[in-house]
Undergrad: 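Got a structure for you, written out below as structure tokens; questions coming shortly.
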2 protein chains.
Amino acid sequence: MSAQQSWPAPPSSGAGKAQRPQKRSGRRRAEILEAAMSVFGEHGYANGSLHDIAERVGMTHAGVLHHFGSKEQLLIALLEYRDDADVAELEGHHAPRGAPLLEHLVDTAEENGKRPGIVQAYTVLLGESVTDNHPGRNFFAERFAGLRDMITSAVADATNRPMDDPQTVSAACAIVATMDGLQPQWLLDRDAVDMRATVELTIRALVQELTRQ
Amino acid sequence: MSAQQSWPAPPSSGAGKAQRPQKRSGRRRAEILEAAMSVFGEHGYANGSLHDIAERVGMTHAGVLHHFGSKEQLLIALLEYRDDADVAELEGHHAPRGAPLLEHLVDTAEENGKRPGIVQAYTVLLGESVTDNHPGRNFFAERFAGLRDMITSAVADATNRPMDDPQTVSAACAIVATMDGLQPQWLLDRDAVDMRATVELTIRALVQELTRQ
DNA sequence: CCTACCGATCGGTAGG
DNA sequence: CCTACCGATCGGTAGG
């Protein structure tokens, strides 16, 4: 935001009508974010270069910095951009809360199996986020806190247990962990892991275990 | 190995007796590997520098390269070194196979809660390993294949199911995923996650679910 | 194991 | 959004 600067019109476009510069700029930002997701997924954040990202959208790395100010801010924008996309999708499915959320997580695991690029970027960035002073640390910490809350509530709903029961919280931790932990296994050997079936089994087993007691 | 070179004795040590150079060198290698685990954990492999590692053991980065040939070979040596340490510990506990392995995994989760440095290094390196052409890729792929096999066998043992049952395999995938997926959650908020209790609950729930059917 | 050095790359800035 | 540039850092090598 504070890094946003103004800049003159492109060399040959002259001073004609503005062609909705905001809209074009928004589209451009989205293109850069998509390229960043690919590059960070393929090489990691630390090892992914602004040059590579810029090349994929046909500009120089200084152009990318014009749009995002710094590499760190590009990362943060990317994480929020991905989160928005997930939330939009969640709302498309009517943003399930309570017990139906658990079924939605199984669908998510299945959909992830069709988006290796997104899974790769998520896995790499999550891993890097636990390094000291990493710019993505806060994002993931808050994401986990929010997910655990929502899923604890869903498990409580499905098992008629209180939300502050330690076992209910543990089940929520386990569900998040299973989904995240399956991703590197799957990326490293896609034939060895059925993400949907495994998440489905784990959720069913946990709900049964907490209900039966 | 092919990068190993000979080099003259240190400036002031003269040509006296050799002082068990192999032993001293082995100790030095171990010191470097411990430093590398810290540095790669704190900054990631891509972003961790040989300079930092060398500094922590009181030498220059050229000295580190003398011992390991290249940064990639240092990483591979580190992964094998860690694996050896785990295996040694496993054997210390009598290398459980079959159902008792599942109890051992719960103990491992608890012990991990006392070794944040190792957990951080593992989480970071695993995340980076799914990037394209990463030197640690093979190590983790084979590690997962081996773990899944052992745990599938243990689950089959505990539930009287065949090893080639898809649900048995899924349970093994889920147990590995839960242990790995809990680590970033725990590193980002240690008070929010009880690794031992969560692994214990997940294993119990999965075994029950597969037994009950 | 060190000194000295190299080529390469990188993020960021100036200035238009 | 580009050109041109900067300082910094990095892995690796030569040569002892």
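To find a chain, count down the sequence lines: A is the first, B the second, and so on, and within it residues start at 1.
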Undergrad: Whole Å only: how far is the CD atom of B:E55 from the C1' atom of C:dC2?
TA: 15 Å
Undergrad: Any base atoms under 4.0 Å from A:S49, or only sugar-phosphate, or nothing? Heavy atoms, all strands.
TA: sugar-phosphate
Undergrad: Expressed as a whole number of angstroms, how long is the span from B:M59:CE to C:dT3:P?
TA: 13 Å
Undergrad: Please report the distance, rounded to the nearest Å, between NE2 in B:H61 and P in D:dC10.
TA: 9 Å
Undergrad: Of all the choices, D:dG12, D:dA4, C:dT3, which nucleotide is nearest to the side chain of B:A62 once you look at every atom?
TA: C:dT3
Undergrad: If you check the B:L65 side chain, which of D:dT13, C:dT13, C:dC1 turns out closest?
TA: D:dT13
Undergrad: Taking the side chain of A:L50 as its heavy atoms from C-beta onward, which of D:dT3, C:dC2, C:dG12 lies nearest to it?
TA: C:dG12
Undergrad: To the nearest Å, give me how far apart NE2 (A:H66) and P (C:dG11) are.
TA: 18 Å
Undergrad: Would you kindly give the NE2-to-P distance between A:H51 and D:dC2, to the nearest whole Å?
TA: 12 Å
Undergrad: Round to a whole Å and report the spacing from CG of A:L75 to P of C:dG12.
TA: 12 Å
Undergrad: Figure out the CD/C1' separation between B:E72 and D:dG12, and round it to whole Å.
TA: 12 Å
Undergrad: Between B:H67 and C:dC1, is there a contact of a side-chain N or O with OP1 or OP2 at under 4.0 Å?
TA: yes
Undergrad: Look through every strand shown and name the nucleotide pairing with D:dG16 as Watson-Crick or G-U wobble, where both distances are under 3.5 Å.
TA: C:dC1
Undergrad: Are the side chains of A:V106 and A:R196 in touch, meaning some heavy atoms are under 4.5 Å apart?
TA: yes
Undergrad: Using whole Å, report how far CG of A:L74 lies from P of C:dC10.
TA: 15 Å
